[in-house]
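Structure first, commentary second.
Convention: sequence-line order gives letters A, B, ...; per-chain numbering from 1.
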Amino acid sequence: MKTKTRDLLTKNIVTIVFVILCILGIIASQQPLPFIFKELLTRVGRNTFLVLALIIPVIAGMGLNFGITIGAMAAQIVMIFAISYGATGFGGFMLCMVLSTPIAALFGYLTGVVLNKTIGQEMITSMILGFFANGLYQLLFLFLVGTVLPIGNEMYLIPGGVGVVNTIDLKGNLMYALDDLWSLKVPTVLIIAGAICTALLVWMQMKNKATQTKDQKKASYARIGMGLSLLVVGLVLNFTTNMYRFFDVPMITALFIILIAVFNIAIFKTKMGHDFRTVGQDKHIAHVSGVNVEKRRVLSIVISTVLAAWGQIIFLQNLGTLNTYGSHVQISTFAIAALLIGGASVTKATVGQAVLGVILFHTLFIVSPMAGKNLFGNAQVGEYFRTFIAYGVIGLSLGLHAWKTFAAQQRKDKIDLE
Amino acid sequence: MNNIMLELKEISKLYGENQVLNKVSFSVEKGEILCLLGENGAGKSTLMNILFGMPVIHSTGGYAGEILLDGQVVNINTPEKAMELGIGMVHQEFMLIPGFTVAENIKLNREVTKGNPISQVFGKDYRTLDYKTMNRDAREALDKLEIGIDEYAKVEGLPVGYMQFIEIAREIDKKNIRLLVFDEPTAVLTESEADNLIKAMKHLAAQGIAIIFITHRLDEVTACSQHVVILRDGGLVAAKKTSDTNTVELAELMVGRKIEKLVQNEENRNVEKSETIISMKNFKVGMPGEMVKGIDLDIKRGEIIGIGGLAGQGKIGVANGLMGLFPASGEVTLNGEPLVLNAPMASLKKKLAFVSEDRKGVGLLLDEPIDLNIAITAMQVKDDFLKKVVFFNQIDEAKVKRHAEEMVKLFDIRCTGTEQKTRRLSGGNQQKVCLARAITLEPEVLLVSEPTRGIDIGAKKLVLDTLIELNRKKNMTIIMTSSELAELRSICDRIAIVSEGKLVGVLKPDDSDAKYGLYMSGKTDMPGEVL
Ligand SMILES: Nc1ncnc2c1ncn2[C@@H]1O[C@H](COP(=O)(O)OP(=O)(O)OP(=O)(O)O)[C@@H](O)[C@H]1O
Ligand SMILES: [Mg+2]
């Protein structure tokens, strides 16, 4: 039992440290909880999709896909042109989603092909490919647009007529195109979510009753309890006076995220997803059993890149400004850091870890400037701190991964004494 | 004869400059079991890899010659193609994914799927896996082999004997199979398991499936095959009807010279009175599938003690536990001092050395040369093979090489030179490198598990002779775990039989077969004799 607790601790050490950091940060920032919650709500809606785009390549054994930057570029290319030709509202949003898909798929395909040539070095290669693609992207928007390529509206060109302006305001065209379609207040959402979860869990419990072990039963009841408490919290919030009653949840955005989360889970129950797992576990054995390893690896990157493109569109419609030369640059770093903070590693990642990671990472983002100001009299310290965290956590987990692979070669992993 | 299914014509293969196969031709009939024999490194696995279209063949320049299936020339350039043609293979090294369940491994890339609305639109890649049917099929295949592994269990940590059966179950489960290749499947099995396997093979052959069976155990050849093909140094030396030959002739054809009989430990030394070197009290090891559930045993200085028993009963666990590779508990003393458990480095420092039964896991650095592999543990544990250059320890390469050359000679390791990467060695020769590495430590106690597994009869004698010599000349205590009773009885002073994780008793090599049989099944005739 004791070793079990210790194991649990060591395995989840990163997540635990961040939970503690978040709590301390919240206290130090002296911000009211509802404010933090509201900010967090926005940021979770904005970023979760991008983080979910990372999962499939991890399972397929290709590590953390720094190449999602390239998907984001595909999204931005489409968005800039679409906006200049007058795309607005949900229609415009869907147009961007549809048009970015083949482009992102093509980019993903090319990335995948290169990664197949550099087996074992996928992560660094995808990172370098991101830089390289960024060069081409700048070439496109700084020199080709306005000279070779037409753009729908001169207003988006740098004065002089060559190159696209630095920032594009999305207000009035794509901003909140998705978020504003339909939203509900927080308590209502909690009540609905709680009710659905509870019903679903109870139904599953009824179905599996016969084949359950004792532990499974316990876990199942615990989950039902959690569903119920969601419901209760929702009801309480609904019938008392509090700030949360006034916060909106963008339902369609949430639905998109849920859909993609379900996709990420369901895919591993299909033949294709199972192949991803096989390839991820052992390329050689997969090959010998007749799995087309190269094709599967490319496919996993294609899916990831397309999801990243969609994620970037969702991200930008919420943010409201598109920074032509900057919006895509750091998304891979931040998405990857969030995933790792949630407890994922280079070889293992789940939807739950992605969501938890986004929550923790962005809580830290929200509170660190104020915490920095209160503690050191300087908000900038907090800013540095969060950048440091993002890169630090990535560096740490890559280092750990390298060390683990090395150690695993040296000796077999120990197996727990029952 | 129109009964011929497979014909190999003048197959040759070069690995770089090294002619591994030289114009090998033979044919296999429908529904027969054909044994392929040859020394370690003779080219058996290479030939079968060609037949199965393995990537290693095609990434090293392919092969020459023709393969005919049902009289048609076929070009097998990928394993997929081989599978399409109905060829299955149980590889010498395991092709299992540790993180998957037994059933998932058996159904690897042949998963049973069922349709769903999405797959109707997007195609069969999106069909969902039907775990129920997969598990049921897996169970069926395992039952055919009469092996009681749980199909839900993860493969990770299962004993090697089980892994072999999972691989075989995978081949049996393939419905279109016409030709099956077994590359040394029995090397990791106990005698009774091997009997089981041979029964299953005969059953398959009776259904018209042709089987090519590679083994180093000659009695198995006569027990099951119709034809024997013998390779030596990449060339075909004989293809015979099994009924026209006998094990002695086969052995001679394989090695190309007369074989002396296996060593016999005739002295019948009485070791009971020697001082105790290792003492185990209530020793438990949590090795999945080979649990040791509390053993009391004293090992005497200078003896060769054997540990025998059926697979899955815990005999493998003892040495693994002593070496700290699996979690262990209990009281163990070495030379009167307590031995720190669960710490491999501590065990190594106390002059214990181990040759694992698991060639792959604790085995070799496959991308490093032979000489470094032999020296590496000694370097880490004893700072051997190092020289000081200014302030830094540098590898003494000349010494490493010299020592490796000695070992290559001692164990007759077939290689192109000591700088060859161990990945490029044949299975049996890799095993010899493991042995060489362990004795390089000059341990006080040498633990060897399945030391002759996968080693040909000529080299087997070398290995056993070497063990005896180390024991007699250097007074090295040897703990040898083996599934081959005959081998244990030929060199051990005492043999401890383990059943259900407990010690049943300690026997003498000259005790009767009946007594051994009784002990192996966990019973003793005289209860008072239990130690
Ligand atoms: N990948 C490789 N690259 C270079 N040489 C190789 C490679 N694989 C095997 N060899 C060489 O080919 C020869 C034949 O090896 P093979 O594995 O076919 O032997 P084997 O008959 O199966 O022996 P064993 O009984 O030990 O398994 C050996 O001398 C080996 O060194
Ligand atoms: Mg071989």
Side-chain angles (χ1 to χ4, degrees), chain A residues 2-4 6-7 56 59-61 119-120 211 213 216 259 262-263 265-296 298-300 302-303 347-348 405-418, chain B residues 52-56 78-84 89 91 94-100 104-105 107-113 116 118-119 122-129 131 156-157 170 284-288 291 320 324-329 342 344-345 356 358 360-362 365-367 380:
Chain A
K2 214 166 158 191
T3 47
K4 252 188 193 159
R6 206 181 49 204
D7 266 10
I56 290 178
I59 307 290
I119 287 174
T211 57
T213 64
Q216 281 172 331
L259 271 179
V262 170
F263 168 79
I265 295 168
I267 187 105
F268 293 109
K269 309 236 184 289
T270 68
K271 170 69 180 142
M272 183 204 288
H274 193 73
D275 282 357
F276 287 151
R277 281 177 64 207
T278 313
V279 171
Q281 295 264 337
D282 195 317
K283 285 188 284 292
H284 177 62
I285 295 178
H287 186 141
V288 173
S289 342
V291 176
N292 191 333
V293 175
E294 304 214 326
K295 217 166 118 190
R296 287 302 183 210
V298 171
L299 188 61
S300 81
V302 169
I303 295 177
T347 50
K348 248 191 209 145
T405 355
F406 177 74
Q409 253 205 345
Q410 297 261 313
R411 92 192 149 80
K412 259 201 302 198
D413 278 346
K414 274 193 187 176
I415 298 169
D416 297 29
L417 239 186
E418 14 112 86
Chain B
F52 199 62
M54 290 291 282
V56 55
T78 58
E80 278 142 288
K81 186 71 197 286
M83 282 182 251
E84 243 167 64
M89 177 151 172
H91 297 268
F94 293 123
M95 291 287 174
L96 296 173
I97 293 186
F100 279 12
E104 280 173 326
N105 268 295
K107 286 286 185 184
L108 201 62
N109 201 31
R110 297 179 304 106
E111 292 86 2
V112 187
T113 57
N116 58 40
I118 294 172
S119 72
F122 291 103
K124 64 177 183 347
D125 263 1
Y126 294 87
R127 292 169 68 91
T128 18
L129 298 196
Y131 277 101
E156 193 152 32
R170 178 193 296 164
K284 293 182 181 166
V285 184
M287 180 176 181
M291 290 287 182
N320 277 294
L325 295 173
F326 284 92
S329 66
N342 305 316
M345 204 57 185
S356 169
D358 180 2
K360 231 182 153 190
V362 198
L365 303 170
L366 287 173
D367 286 315
Q380 287 173 344

| task | Among the options H287(A), Q281(A), K271(A), H284(A), pick out the one with the most heavy-atom pairs lying under 4.5 Å from chain B. | result | K271(A)
| said: Using the side-chain contact (heavy atoms from CB on, under 4.5 Å) definition, which of the options N342(B), V285(B), N320(B) pairs with P327(B)? | reply: N342(B)
| K269(A) and N116(B): side-chain donor and acceptor closer than 3.5 Å? | no
| request: Assess the side chains of R127(B) and S119(B): does a donor N or O sit below 3.5 Å from an acceptor N or O? | output: no
| said: Tell me whether R170(B) contacts the main-chain N or O of M95(B) through its side chain, where contact means a donor paired with an acceptor under 3.5 Å. | reply: yes
| Does any heavy atom of chain A fall under 4.5 Å from the side chain of T113(B), the backbone, both, or neither of them? | side chain
| said: What part of K124(B) gets within 4.5 angstrom of chain A, counting heavy atoms only: side chain, backbone, both, or neither? | reply: backbone
